Every structure is written in C-alpha cells, then in structure tokens.
Undergrad: 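My structure is below; once you've seen it, I'll send some questions.
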Amino acid sequence: VSATVLITGMLVFSGLGSLLADRLLDRAARVLPVVFIAIAALLVGYGLALDHALAWVGTLPYGWRLPCCFLLILPPAFLMGMPMPMGMTWLARLGKEQMFLWAWGVNGCLSVIGAALVPLLATSFGLGSALVLAGALYLLALPAFRSLLRPMTPA
C-alpha cells in the first residue's frame, strides 16, 4: 500500500505541476530558480521531520492515513513536475534543440541512479538522510539552469 500511495501521489501531483508549468513558461527564468529552492527546502525539511510526521500519521485511523500521506507528497511532487517541461521548452526557445537528447539522457541516467541509490541510502542511513541529500542535489540545478539560459558559443 505504501508504494502504491507514493507512486500514485508522485505521478499525479508531478503531472499537475507539469500542467501548471506550461502557464509559467514566460516567467521561467524567474520562477524555476524559486522552484528549485522550494523543492530543496521541502526535501530537507521532510528529511528532518518526516519520521515524526509519519509516526503521527500512523496513529490515525486507516481512512485518514491515505489522505494525510497524499497531502505530504503533494508539495514536493507538484514542484518536481515543473523543471523538465520548462527546461525542454526553454531549450527549444533558445534554439538549442541539439541538447534535447543530452537533457533526456541526463534525466534518464539520474533517474536510474536515484532509483538504485535511494533505497541503499535509506536503509543504511535512514530516509531522512536520503531526502536531505536529494534537497542538496536540487540546489545543483540552479547553476545548470542559469547556464542553459546563456547563448551557445560557436564551436
């Protein structure tokens, strides 16, 4: 049940974030850095407080646990749905279509690495440490996005 709630929540809420991203494209240069910082702050905050929050949710009747878990998943998942569509659209707008394959490749590679690394980190050091590390990694996206906005230099 836990995996179903997590995966469903992530897919639905990140999909809604992707849907909203379309409306924010003209402001992406200002919005996306805020999104990265918000994701990082949420993940670090969750890393520090999630054990207590889940312990509290565990005391609730079963009918309340699912909505509470979905509410916990909603904020970071919603925001996590925004960067990829915004970044890909900006690549097209800036005439950097040749970077599409690179962007999809990096996304796919890091998704596979993350899927393997998170369970190892969570079982070895706790879920909180995995979330804190994920939050820190989202901050690395800030300079990457800034470099995306720069014009390409001729080869």
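For clarity, every value in this text was computed on a predicted model and none was experimentally measured.
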Undergrad: Let's go through D22 and T89 carefully: what are the C-alpha distance in whole Å and the side-chain angles of both, what is the deciding distance for side chain to side chain contact (heavy atoms under 4.5 Å, CB included) to 0.1 Å, and is it a yes or a no?
TA: CA-CA 9 Å; D22 184 50; T89 302; over 6 Å; no
Undergrad: Does any part of the side chain of C69, heavy atoms only, come nearer than 4.5 Å to the side chain of V57, both counted from C-beta?
TA: yes
Undergrad: Test of understanding: clusters of I, L, V, M, F, W, Y form through side-chain heavy atoms closer than 4.5 Å, transitively. Do L142 and M99 belong to the same one?
TA: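 Yes.
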Undergrad: Kindly compute the distance separating OG1 (T59) from CG (L54), expressed to the nearest 0.5 Å.
TA: 11.0 Å
Undergrad: So, the side chain of S18 versus the backbone of G81: is there a donor-acceptor pair under 3.5 Å, distance only?
TA: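 Here the side-chain-to-backbone pair exists.
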Undergrad: Taking only distance into account, with no hydrogens and no angle test, what donor-acceptor pairs under 3.5 Å do side-chain atoms of residues 41-53 form with protein atoms, sequence neighbours excluded?
TA:
| residue | atom | partner | partner atom | Å |
| --- | --- | --- | --- | --- |
| Y46 | OH | L72 | O | 2.6 |

Undergrad: Do R93 and D26 have side chains that get closer than 4.5 Å, going by heavy atoms?
TA: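 Sidechains of D26 and R93: in contact.
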Undergrad: Verify the neighbour count for atom CZ of F125: are there more than 12 heavy atoms of other residues, nucleotides or ligands below 6.0 Å?
TA: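 Counting neighbours around CZ of F125, 12 or fewer heavy atoms of other residues, nucleotides or ligands fall under 6.0 Å, so no.
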Undergrad: If you measure from CG on L137 to CG on L110, what distance do you get to the nearest 0.5 Å?
TA: 8.5 Å
Undergrad: Identify which one of I113, V106, V112 satisfies the side chain to side chain contact (heavy atoms under 4.5 Å, CB included) criterion when paired with C109.
TA: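 Only one of I113, V106, V112 forms a side chain to side chain contact (heavy atoms under 4.5 Å, CB included) with C109, namely I113.
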Undergrad: Are side-chain heavy atoms of M86 and V35 found at a separation under 4.5 Å?
TA: no
Undergrad: If we only count heavy atoms from C-beta on, is the L139 to F36 side-chain gap below 4.5 Å?
TA: no
Undergrad: Distance from L16 atom CG to L74 atom CG, nearest 0.5 Å?
TA: 8.0 Å
Undergrad: Could you please spell out the steps behind the side chain to side chain contact (heavy atoms under 4.5 Å, CB included) verdict for M10 and L6?
TA: CA-CA 6 Å; M10 290 295 294; L6 179 64; 4.1 Å; yes
Undergrad: Which atom pair, heavy atoms only, marks the closest approach of A28 to W90?
TA: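 For A28 and W90, the tightest heavy-atom pair comes out as CB-NE1, 2.7 Å.
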Undergrad: Which heavy atom of A130 sits nearest a heavy atom of A122, and at what distance?
TA: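 Closest heavy-atom pair between A130 and A122: CB-N, 4.4 Å.
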Undergrad: Do L127 and L121 come close enough that some side-chain heavy atom pair is under 4.5 Å?
TA: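 No, too far: nothing below the 4.5 Å cut-off.
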Undergrad: Report whether L71 and V12 are members of the same hydrophobic cluster (ILVMFWY, side-chain heavy atoms less than 4.5 Å apart, transitive linking).
TA: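 As far as the 4.5 Å side-chain criterion goes, V12 and L71 are not connected within one cluster.
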Undergrad: Would you check if the side chain of S129 reaches a backbone N or O of G126 as a donor-acceptor pair within less than 3.5 Å?
TA: yes
Undergrad: If you compare all heavy atoms of W56 against all heavy atoms of C68, which two are closest, and at what distance to 0.1 Å?
TA: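 Taking W56 first and C68 second, the nearest heavy atoms are CZ3-SG, 4.3 Å.
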Undergrad: Let's go through M88 and W104 carefully: what are the C-alpha distance in whole Å and the side-chain angles of both, what is the deciding distance for side chain to side chain contact (heavy atoms under 4.5 Å, CB included) to 0.1 Å, and is it a yes or a no?
TA: CA-CA 9 Å; M88 295 301 279; W104 281 111; 2.9 Å; yes
Undergrad: With a 4.5 Å cut-off on side-chain heavy atoms, are V118 and L133 touching?
TA: no
Undergrad: Does a sphere of radius 6.0 Å around CG in L101 hold more than 12 heavy atoms from other residues, nucleotides or ligands, not counting ones at 6.0 Å or beyond?
TA: no
Undergrad: What are the two closest non-hydrogen atoms of L32 and F145, and how far apart are they?
TA: CD2-CE1, 3.4 Å
Undergrad: With a 4.5 Å cut-off on side-chain heavy-atom distances among I, L, V, M, F, W and Y, is there a chain of contacts connecting L24 to V34?
TA: no
Undergrad: Which atom names give the shortest non-hydrogen contact between F13 and I73, and what distance separates them?
TA: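 Nearest heavy atoms, F13 then I73: CD1-CG2, 4.0 Å.
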Undergrad: How would you list, by chain and number, every residue that makes a salt bridge (Lys or Arg N to Asp or Glu O under 4.0 Å) with R27, sequence neighbours excluded?
TA: none
Undergrad: Which pair of heavy atoms, one from P85 and one from A21, lies closest together, and at what distance?
TA: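 For P85 and A21, the tightest heavy-atom pair comes out as CG-CB, 4.1 Å.
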Undergrad: Can you measure from CG (L79) to CD1 (I39) and round to the nearest 0.5 angstrom?
TA: 5.0 Å
Undergrad: For a 4.5 angstrom cut-off between non-hydrogen side-chain atoms, does Y138 reach M80?
TA: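 Sidechains of M80 and Y138: in contact.
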Undergrad: Taking the side chain as everything from C-beta on, heavy atoms only, tell me whether M82 gets closer than 4.5 Å to L20.
TA: yes
